Amino acid sequence: MAEAKRAFITGVTGQDGSYMAQQLLEKGYEVHGLVRRSSSFNRGRIDHLHHDEHIPGQNLHLHYGDVTDAARMHQLVTELRPHEVYNLAAQSHVRVSFDEPLYTAEATGVSTLNILEAIRSVDTSIRFYQASTSEMFGASPPPQNEDTPFYPRSPYGAAKVYSYWITKNYREAYDMFAVNGQLFNHESPRRGETFVTRKITLAVANIVKGNQTELWMGNLDSIRDWGYAPEYTDGMWRMLQADEPDDFVLATGSAYTIKDFLELSFAHAGLDWHDYVKFDPKFLRPTEVDELIGDASKAKNKLGWEAKVLPPELAKIMVDADIARLDGAKEGQF
Ligand code: NAP
Ligand code: F7E
């Protein structure tokens, strides 16, 4: 019998890492995930993988470590000898990156080099996926595609630009299968609670249940291209199965403002968002990314990848999941 493929996922406890782990386990991979030691439990998104009878959870192995620790990254790549590495770990919050710019540069930028260097010295045939982002395009006008110039508007975007270029450089310099997925915003019931979509859908659920009466927010006019996270992790996997390493934009091509997402989410629960939403300047950013609308035609042509879930359905999925959670539904259901 052929040896099972081994994948190493950094950021396995995050939104994308948890879907990636689930999808790879379902495909028969042996999955190794990097977890940070924390004083409180932070494995809520992956815990169900050990217990779901439809997912071979015995093939999931977790390892303590931090992507800023080059020695540990080298040790893990040496020990695990993965066929594929998905580098999804990052300080991923744009607003927080203005408060912690140096840490963000290390965790979201330089850490990528730690993993690439480990692969270069251990085995250059290991395939590497880098979680690049539409935030690199920043102020460049839409539609943004693989040829759009970068103009980051935050320490987060700037750190990701470094990771993008070092990934591309290792591909060209050392003939490595190292690729960038330039992903536009993607959301789900597993989205972190301080990102705008989840903040809204969780608030709707709490308002429905009588736990909350106000929702404090920042700039409601920015435009985003929101897709559904499990579709995007499938796109990441497709990038690593391609014949040649290349960089790809993943996006829906649709444009909605934060106000639009408020409208979709509150209306799904029969509410009017104007009755609840209030402005708090603390949620503004020193520099904003006003308009992100992606063109994913290269991914459609070369990977057969296309986004199916658009914001109207996405908002319903997320509101329903948050209401179900408050009703006691288990995490693994989402
Ligand atoms: P997320 O939910 O914030 O997850 C981030 C993951 O990184 C968590 O598992 C976190 O661990 C881990 N992590 C953070 N710092 C680390 C460190 N120093 N060492 C080891 N692990 C660390 O992010 P996401 O939405 O799943 O996004 C996945 C990746 O795609 C990120 O790199 C993000 O920047 C990028 N991206 C996301 C989007 C999007 O719309 N979601 C779009 C484009 C690109 P803890 O659980 O311990 O905090
Ligand atoms: O903000 C506005 C905010 O934090 C979206 C990350 O996954 O996607 C994400 O970055 C918009 C911004 O995501 C609030 O000003 C208004 O214009 O949900 P967000 P983001 O900054 O687009 C990219 C692709 C990534 O790579 C990142 O890792 O919503 N906004 N009021 C607010 N945003 C938040 N968080 N909270 C508010 O109260």
Side-chain angles (χ1 to χ4, degrees), residues 13-19 22 38-52 91-96 98-99 185-232 252 254-285 288 308-334:
T13 53
Q15 171 187 256
D16 291 5
S18 66
Y19 284 118
Q22 186 167 332
S38 164
S39 66
S40 57
F41 189 73
N42 68 348
R43 298 185 196 168
R45 295 187 180 101
I46 51 171
D47 202 30
H48 69 283
L49 297 176
H50 295 291
H51 312 298
D52 189 323
Q91 189 305 91
S92 72
H93 203 284
V94 173
R95 178 68 193 83
V96 171
F98 288 98
D99 299 328
N185 300 51
H186 45 278
E187 320 292 312
S188 74
R190 296 187 197 173
R191 186 57 143 152
E193 294 175 10
T194 61
F195 296 95
V196 78
T197 56
R198 184 78 199 290
K199 182 171 166 176
I200 292 169
T201 63
L202 190 55
V204 169
N206 274 310
I207 289 166
V208 166
K209 294 293 172 192
N211 302 330
Q212 187 172 337
T213 53
E214 293 172 339
L215 172 59
W216 294 86
M217 302 197 50
N219 172 24
L220 305 184
D221 294 319
S222 51
I223 292 172
R224 288 292 182 273
D225 176 335
W226 285 294
Y228 185 40
E231 296 181 353
Y232 287 60
T252 70
S254 70
Y256 289 80
T257 63
I258 315 302
K259 281 180 190 155
D260 293 332
F261 202 88
L262 281 165
E263 177 66 35
L264 291 168
S265 306
F266 277 78
H268 182 54
L271 302 168
D272 182 344
W273 66 269
H274 299 91
D275 296 337
Y276 303 94
V277 173
K278 302 212 161 44
F279 173 68
D280 187 334
K282 86 171 175 217
F283 295 114
L284 296 177
R285 290 138 192 220
E288 176 64 280
K308 295 193 174 58
V309 175
L310 298 179
E313 188 185 348
L314 180 62
K316 287 181 189 169
I317 292 171
M318 292 176 67
V319 168
D320 289 346
D322 276 324
I323 291 175
R325 274 191 177 107
L326 293 180
D327 286 336
K330 290 200 179 108
E331 278 308 307
Q333 288 178 233
F334 311 113

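From a predicted model like this one, the values you see are computed outputs, not experimental measurements.
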Atom pair NZ/CG of K259 and L264 - distance to nearest 0.5 Å
14.5 Å
In Å, rounded to the nearest 0.5 Å, how long is the span from CZ of R191 to OH of Y228?
13.5 Å
Side-chain ion pair, R45 and E193, N-O less than 4.0 Å
no
Side chain to side chain contact (heavy atoms under 4.5 Å, CB included) between K209 and D327, intermediate numbers included
CA-CA 9 Å; K209 294 293 172 192; D327 286 336; 2.8 Å; yes
Which word best sums up how the rings of H93 and F195 line up, parallel for under 30°, tilted for 30 to 60°, or perpendicular for over 60°?
tilted
Do the side chain of E288 and the main chain of N219 share a donor and acceptor less than 3.5 angstrom apart?
no
Would you find a donor on one side and an acceptor on the other, under 3.5 Å apart, between the side chain of K199 and the backbone of W216?
yes
CG/L326 to CG/L202 distance, rounded to the nearest 0.5 angstrom?
7.0 Å
Do the numbers put R224 on top of the ring of F261, so that NZ or CZ is under 6.0 Å from the six-membered ring centre and no more than 45° off the axis?
no
I would like to know whether I317 and S188 meet side chain to side chain contact (heavy atoms under 4.5 Å, CB included); could you show each step before the answer?
CA-CA 8 Å; I317 292 171; S188 74; over 6 Å; no
Could you tell me which residues satisfy side chain to side chain donor-acceptor pair (under 3.5 Å) with D272, sequence neighbours excluded, listed by chain and number?
H274
Does anything in residues 309-323 pair up under side chain to side chain donor-acceptor pair (under 3.5 Å), and if so which pairs, sequence neighbours excluded?
R198-D322, T201-D322, H268-D320, D322-R325
Is the backbone N or O of L262 less than 3.5 Å from a side-chain atom of S265, with the two atoms forming a donor-acceptor pair by type?
no
Test your reading of the model: is there a side-chain donor-acceptor pair from D260 to the backbone of T257, 3.5 Å cut-off?
yes
With rounding to the nearest 0.5 angstrom, report the NZ to CD distance, K308 to E231.
6.0 Å
Nearest 0.5 angstrom please: R43 CZ to T13 OG1, how far?
8.5 Å
Do R190 side-chain atoms and G14 backbone N/O form a donor-acceptor pair below 3.5 Å?
no
